[in-house]
Peer 1: 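Handing you this structure, nothing more for now.
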Amino acid sequence: MSIRVRFAPSPTGPLHIGGVRTALYNYLLAKKEGGTFILRIEDTDQTRLVPGAEDYIKESLEWLGLTPDEGPGYGGDYGPYRQSERKGLYAQYAQQMVADGNAYHAFDTPEELTKMREEQQALGHHSAKYDARIRMQMRNSLTLDKEESDKLIAAGEGIIRLKMPHDEDVSFVDLVREKVTFNTNQLDDKVILKKDGMPTYHLANIVDDHLMKITHVIRGEEWLSSTAHHVLMYRFMGWEAPHFTHLPLILKPTGKGKLSKRDGAKFGFAVFPMEWHDKKEDAVYQGFKEDGFDPKALLNFLVLLGWNPGNDEELMTVERMTELFSLAKIVKSGARFDVDKCNWFNQQYLMATPDADLLAPVKAVMPEGITTEDNYLQTVIGLMKERVYKYGDFYTEGSFFFSAPAEYDEKQVKKRYKSEQDEHFAAIRTMVTSSSESAEALANQVKAYLKEKELKMGVYLPLLRIMMCGALKGPDLFDIIITLGSEEVAQRYDKALEVFKKL
RNA sequence: GGCCCGUUCGUCUAGGGGUUAGGACGCCAGGUUUUCAUCCUGGUAGCACGGGUUCGAAUCCCGUACGGGCUACCA
């Protein structure tokens, strides 16, 4: 049987980086096994829907290259792929479970539920569950007489809850954790069909996974605790359950807890694939795309956060990941998000990408008002690419390619500059402002002069660099001079010397 | 609180009864460079703790501690 996996996000906001990794693992398994990667939108909670979130998810997946084989807008024989459009499908299964005695109608109001929880809390039961012990004290089709209950159901009142069997161990195999067991006495009677007729996650999930012939469920660890409910429902329906794999969570770089939406701003990096404008909060969350990451680098970093190929390979294309991927090698424990390593991956990709291919993404993140010839920018890219991490760094780290230095490293200038050197500077100026055939030729010319006059390279060259760049950093000095062009070099030269004299 | 899952360098991880506990990021030092970066070489640093089992435990078992998740008519 062909493998079918799904990535099933809820369109309640932007796609979190943990979700990206979940999508990636699903994608990799599908591709490795020649299976199908499905996108399913889990929008059963109408109150939490966020406009634009679904489009954001799809755009993000496409930017990352994780394009679904089936899904809303992608076609497929098992649609619709949006749960809200499948609304009519779910009730019959809930009703079947009721008919079989595995579920029941409940009529408790939210107030009654709150009251029950408060009472239980007062009795010393922490976060009381609607379970076997409690259900006989509540208003439902199990406690009310049939006539009354039927009347309420006919009036469209109530919801449907799963009826947990008494004291039964429910086990399932998690492909990374092996056997996991829950006792039904610890499990609550989960709501499966809501007042508005929508299913909850639990029902929608098993119905759709079954109908869509999903073979492997790969999802975050937050679902591990409710998997016993799902397993039980498959059993109630007489359906074969898919294989389960629960992924360890991605944790904050430091401190406690899982990586959250706000950690991006807190630690200074993106936690979303693309920029997200939160209208409700009137806030903008940064994205890896806008931050200047190569999606391939992001994926490479993410794939290793919770999985390894079993050897020392780290730099991998998606094709290579696909070859090597295996659920068995997924790690059990949570992984901290390490910004440094993420940057390092991007740098590796940057260095391996031809300059011409970098042109477009670098232009895309250039600040407004900065316009350059493509040829010029490509030269800058070539010179700068092994000293930057992200696309935006070409501008910030290589600012001297776009405007003359506004200030100079005073300390370094004072250490080296003396006005007696002016005669030599005049001579060097002539060399660097006349056209040279190459950086190498110019370098030889200047160095020959310094040697002839018995001057120190360690004094003149750094000063020359500071004239051009403002500081002791950047690519080869003579490459910079050639790239800048004699006119610009002359201007910077004169301006800098003037400043040097006053220091 | 209850239930479930987990714990190897600071971080990501390999190893899964006998290893000098391996790699990568970071960091440090040296080399290369006029500088920064790249690159090369070297270094730093780890099996949470306590009991078992065993000739022998990082590895198996139990407990403790710590971390994580769940505990909604959210997903």
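Protein chains get the first letters and strands the later ones, always in sequence-line order, with residue 1 at the start of each.
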Peer 1: Which nucleotide in the list B:rG2, B:rG69, B:rU7 gets nearest to the side chain of A:Ser333?
Peer 2: B:rU7
Peer 1: Using whole Å, report how far CG of A:Asp338 lies from P of B:rG10.
Peer 2: 13 Å
Peer 1: Just wondering, more than 12 heavy atoms not from A:Tyr389 lying within 6.0 Å of its OH?
Peer 2: no
Peer 1: Walk along nucleotides 28-50 of chain B from 5' to 3' and tag each nucleotide B, S or - by protein heavy-atom contact under 4.0 Å, base first, then sugar-phosphate.
Peer 2: ------BBBBS------------
Peer 1: Just the table, please: protein N/O against nucleotides 57-62 of chain B N/O, every pair under 3.5 Å.
Peer 2:
none

Peer 1: According to side-chain hydrogen bond (donor to acceptor under 3.5 Å, both in side chains), who are the partners of A:Lys129, at least two apart in sequence or on a separate chain?
Peer 2: none
Peer 1: Hey, does A:His105 have a side-chain heavy atom less than 4.5 Å from the side chain of A:Ile159?
Peer 2: no
Peer 1: Would you jot down, in residue-number order, the residues of residues 297-317 of chain A having a non-hydrogen atom under 4.0 Å from RNA chain B?
Peer 2: A:Leu304, A:Leu305, A:Gly306, A:Asn308, A:Asp312, A:Glu314
Peer 1: What does the B/S/- profile of nucleotides 70-75 of chain B look like, 5' to 3', with a 4.0 Å heavy-atom cutoff to protein?
Peer 2: SB-BBB
Peer 1: Sequence neighbours excluded and cut-off under 3.5 Å, please list the side-chain donor-acceptor pairs for residues 456-465 of chain A, or say none.
Peer 2:
residue, atom, partner, partner atom, Å
A:Arg465, NH1, A:Lys473, O, 2.7
A:Arg465, NH1, A:Pro475, O, 3.1
A:Arg465, NH2, A:Pro475, O, 2.9

Peer 1: Answer yes or no: is there an ion pair linking A:Glu313 with A:Arg320, defined by an N-O contact shorter than 4.0 Å?
Peer 2: yes
Peer 1: Could you check how far NZ of A:Lys256 sits from C1' of B:rU7, rounded to whole Å?
Peer 2: 15 Å
